[in-house]
There are 4 protein chains.
Amino acid sequence: MKDSAVLLITCPDQKGLVAAVSGELYRFGANIIHADQHRDHDAGLFFMRVEWSLGTGEPEQAFDIQAFSGAFAPLVQQYKMDSHLHVSEIKPRIAIFVSQHLHCLADLLHRHQMGELDCEIPLIISNHTNGEPLARFYGIPFHHIPLTTENKAEGEARQFALLETARVDLIVLARYMQILSPEFVRRYPSGVINVHHSFLPAFIGARPYHAAYKRGVKLIGATSHYVTEELDDGPIIEQDVTRISHRDQVEDLIAKGRDLERIVLSRAVSWHLDRRILRYGNKTVIFD
Amino acid sequence: MKDSAVLLITCPDQKGLVAAVSGELYRFGANIIHADQHRDHDAGLFFMRVEWSLGTGEPEQAFDIQAFSGAFAPLVQQYKMDSHLHVSEIKPRIAIFVSQHLHCLADLLHRHQMGELDCEIPLIISNHTNGEPLARFYGIPFHHIPLTTENKAEGEARQFALLETARVDLIVLARYMQILSPEFVRRYPSGVINVHHSFLPAFIGARPYHAAYKRGVKLIGATSHYVTEELDDGPIIEQDVTRISHRDQVEDLIAKGRDLERIVLSRAVSWHLDRRILRYGNKTVIFD
Amino acid sequence: MKDSAVLLITCPDQKGLVAAVSGELYRFGANIIHADQHRDHDAGLFFMRVEWSLGTGEPEQAFDIQAFSGAFAPLVQQYKMDSHLHVSEIKPRIAIFVSQHLHCLADLLHRHQMGELDCEIPLIISNHTNGEPLARFYGIPFHHIPLTTENKAEGEARQFALLETARVDLIVLARYMQILSPEFVRRYPSGVINVHHSFLPAFIGARPYHAAYKRGVKLIGATSHYVTEELDDGPIIEQDVTRISHRDQVEDLIAKGRDLERIVLSRAVSWHLDRRILRYGNKTVIFD
Amino acid sequence: MKDSAVLLITCPDQKGLVAAVSGELYRFGANIIHADQHRDHDAGLFFMRVEWSLGTGEPEQAFDIQAFSGAFAPLVQQYKMDSHLHVSEIKPRIAIFVSQHLHCLADLLHRHQMGELDCEIPLIISNHTNGEPLARFYGIPFHHIPLTTENKAEGEARQFALLETARVDLIVLARYMQILSPEFVRRYPSGVINVHHSFLPAFIGARPYHAAYKRGVKLIGATSHYVTEELDDGPIIEQDVTRISHRDQVEDLIAKGRDLERIVLSRAVSWHLDRRILRYGNKTVIFD
């Protein structure tokens, strides 16, 4: 198992940023694994991701992450950085929300079991019960919280209590067919990933495959994105498409779309967990 | 050079259609090259495309297309068919409309010269002059018709006169940045193909690459479609997409998009010329 | 649930084939759902797939499949057809073979449970034990048959006995890392589907991702195919690719490849079950 | 027009490299536009590409490229760098070699005219004459050098003399159907880009579309790569694929392949000209 640190930086672009950051890392003897930067010249912003080994198990001395963090603080202030330092031993904790369609849930749980997703999954929340056997098989606590128009506030309060108790960092909506309230979204400002079953911004809202069929498109798509208060309008993380023809009926679109949904959602979750995503405005920088 | 006939049929679905059509072709000794059918069960429609050899240059007797056409007429009536019979020796005549961006024009003319597009191109019409050298190189008459808000009706009248004289069957808008008037479109009810530089129905209208950049999508697309009176809403023929990243600026989207536009437009024109497309409602059947 | 019949025909190409087949179906009042034909002019072969409703649950009289089968026999003889008639109520029975990598198995079992694969799965056979919990979760009998170089013949005999007892029509090698003996393959002449983790014919044999990494390709692929006695040389059913970059290490190729393997294998199995595939020589016709 | 410098570095990986390079650039006040690094941990190599503005036309002082180059020399020695410094005002000079198929040539010339390819094209060399009108239209000198088995050495000598006179940096084989002699390749060690009409390493050598048709693949591809002395074995720059079906004959593969060839070759040339490619061993790092 790798033992590493990731530093994510967003700040106003200015000269000397890379020199300052890499100089500090060098001073502490960091053994850099990956580094990537990006500049958005229109927005005047600089983005950086650096990953380095924490040196455990090697003959050399372990990297002193506490000391580095302290020494780095003045740079944060000087360059007005929004910076985050993550160490791999502290695993993100994610909650999966699902309704009656289980293909994304099954896919995420299988990937987690195989080690593709570097996180803890302390709970699954659903407004249906049919996901429970799958949750039990993978050993994840399953909470059934039915939601109606009347009890929505109460239901969300129950969900929120569970999330708090489980100290959840990220919520993954794995084909969760309920719209989160603005209050809910505000409580997790950069922490809800959704998969929408269309190539956004085409076919926003309900029944996108039906709309795609009606419009006669020749490709269908799926989109994973961070959830914001405006429906299907959050920063896009990943999109993919597949070809359809006049022979495909709505049910064929739905079936082909399931494969897209699994792929774009699992990529989004995996990149988020690997700290590859930087949000800014309504966009994302995805460092590969 | 192949010497063949193509029969296209659209009619209400009912039993015995394939048997009736193929029986009649067999009676005339047709040597079938390709045949394809499709049923849209929701719409209750049947679609068929049959292509057969006209036998020239072979020891066997040539297919009697006149006699077949006469003998087929009762079937047309009986099954309420919308049917079209095309023979390969009568080449479709297309006009290309273009504005200042020439990549689609250059692509179509090169494909035509190489024999990929089985048609005549009697003229090119543009509201700019920069396409003239390219037209001259490929030996196609070029007509410069400047268009302003004031002279639009007059300009279209000049265009229409040229099209009539040249007996044009199909108009190809190869990045023609003017909106055709409803009257113009009505005069060519199934005969105008456009390329829109987005993945329709996303980013309808002007400056779609700028809109895609602003929305932060991860794929950009292009769409070829028949033109109807409603902007960017006609039956879609072909779509394709390409991946972009946070590193791509608007000008990169435009450059990557040019490759998509060439591909989706040339496919649409080629399929139309090969009589592979059947329009119905706002959709297309594309027989491969 | 649909109640339908599928007729698959391969025969020497000649005039009148479609008229004869569709005429006979019309005489029996078949309500055709899909029909497709193909001619390979080089090989002089004709291929046809027709699917029609068997009429249950409709006011009209049910289709008499026995009578049709009898009446069709003279055509089979006259046109030297290799023909197969399938009715949807008789479900194909498939066995899944797997080794220690379980992603394709998990994917197939989940699809089966969701109704995407129209078949029975009476058993899973593995030379490892780690697939057993998954099999148990989906309620499929699991047989552990360890294989060594010494006991290969004996192991295959045990496998074969299980397959016979379960009356298996199709064997799916879902990342089964053992090479079947020629005798085994001969016993299932058109009934073994494998997924190879490369874009065949590139990187035949063991460790294709390592070979792809070494060669420095920019896309990796996966291929599903029927198994023949020659390794990785059988008729290809489906292929797909995904983009990689210099940043991807062998383990990244393996992870990205898993998604490809799942897709191409599940498509192959699904098409086979839907009777969409016709094999001839070392090729396949895939009717969509 | 942008006025910028690009620095490309390959060297043994070691700590402090980014700090050293970016520190030196900062000391000279470089306004960095893009920077990217890569480490190949297996090979123990570090790769870097930095692009910065040379400041012309801005109020600030122009970057002193001569002084920087001198100051950077000790770092080159200290870190055993293989480094190249390019300034945008010195345009690469490329020669295009072509045989009778002109689609890649037409594509490259059109892109060059539109400003997509930032280079000079002082000459086109062909063993056929049919490319001459195209060359003349775009105003590029065209040299017809017929090649036979007997006169190959002499022909290459004539080619080489033309290349020397024109001070060519890069040779682009745009479907040039002759194999270069080892001597020729050695004279341009990192300067010949070829497009091969298959998904390498599948279908090496002549007539790859025929081989693909025979094998029954479901996708065809094209590959652009640097030429080495071993046929079709040089470092791959770009690959792409497109879907085919049983309906596609060899001539359809050839037609579909032409679109792939244009795309992968033009991307390779464009990336080479933008100094985005670093070769090492038989691989490439492509900085986007």
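Owing to the predicted nature of the structure, the values given are computational and were not obtained by experimental measurement. The chains referred to below are lettered A, B, ... by the order of the sequence lines, with proteins before strands, and numbering in each begins at 1. These values consider heavy atoms only, across backbone and side chains, with no hydrogens, waters or symmetry-generated copies.
- Proximity to chain A (any heavy atom under 4.5 Å) is restricted, for C/R258, to the side chain, taken from C-beta onward.
- When each of C/S266, C/A255, C/P133 is checked for heavy-atom pairs under 4.5 Å with chain A, C/P133 comes out on top.
- Nearest heavy-atom pair across A/D288 and C/R247 is O-CD, 2.9 Å.
- Using a 4.5 Å cut-off between heavy atoms, A/R262 contacts chain C through its side chain alone, with no backbone atom that close.
- For chain C, the option among A/L102, A/L134, A/I263 with the highest count of heavy-atom pairs below 4.5 Å is A/L134.
- In the displayed structure, C/Y26 atom OH is contacted under 6.0 Å by at most 12 heavy atoms of other residues, nucleotides or ligands.
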For side-chain contact (heavy atoms from CB on, under 4.5 Å), just list the numbers for C/R111 and A/D259, CA-CA rounded to whole Å, side-chain angles, deciding distance to a tenth of an Å, and then say yes or no.
CA-CA 11 Å; C/R111 288 178 194 270; A/D259 284 338; 2.7 Å; yes

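- Highest contact tally toward chain C, considering only A/H110, A/H101, A/Q113, is held by A/H110 [criterion: heavy-atom pairs under 4.5 Å].
- Within a 6.0 Å sphere centred on CZ of A/R207, other residues, nucleotides and ligands contribute 12 heavy atoms or fewer.
- For chain C, the nearby part of A/D36 is the side chain; its heavy atoms alone come within less than 4.5 Å.
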